[in-house]
Amino acid sequence: MSLVEAVANVIVGYGVAVMTQILIFPVFGLHTTLAQNLKMGAVFTVVSIARSFALRRVFEAIRMRSAK
């Protein structure tokens, strides 16, 4: 179930990112196509996954040091 949760989190996060861009970008005078929003959402999703993984590894290393 952890894998299902992780995949669902990524899918929902991608959808939220794209919808946020569609709604917020015009407020700042940025006008993008749906294809551009989908691509940017994908980039943000990959960066988010990498950030989460890196932080998880850092905190796991801290936990392992504390356990010694």
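Heads up: numbering here begins at 1 and tracks the sequence.
Cluster membership for I11 and L3, using ILVMFWY side-chain heavy atoms within less than 4.5 angstrom, is shared.
The structure places OH of Y14 at 15.5 Å from CG of N9, a figure rounded to the nearest 0.5 Å. For the atom pair R51 CZ and S48 OG, the distance stands at 4.0 Å (nearest 0.5 Å). In this structure, L38 CG and L34 CG are separated by 4.5 Å, a value rounded to the nearest 0.5 Å.
Contact check for I24 versus L30: no side-chain heavy atoms found under the 4.5 Å cut-off.
For the pair R63 and E60, the salt-bridge criterion is met [side-chain N within less than 4.0 Å of a carboxylate O].
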- prompt: How far apart are the C-alpha atoms of M40 and N37, what are their side-chain angles, what is the distance that settles it, and do they pass the side chain to side chain contact (heavy atoms under 4.5 Å, CB included) test?
  reply: CA-CA 5 Å; M40 283 187 282; N37 278 313; 3.8 Å; yes
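Heavy-atom minimum distance, Q21 versus P26: O-CD, 3.9 Å.
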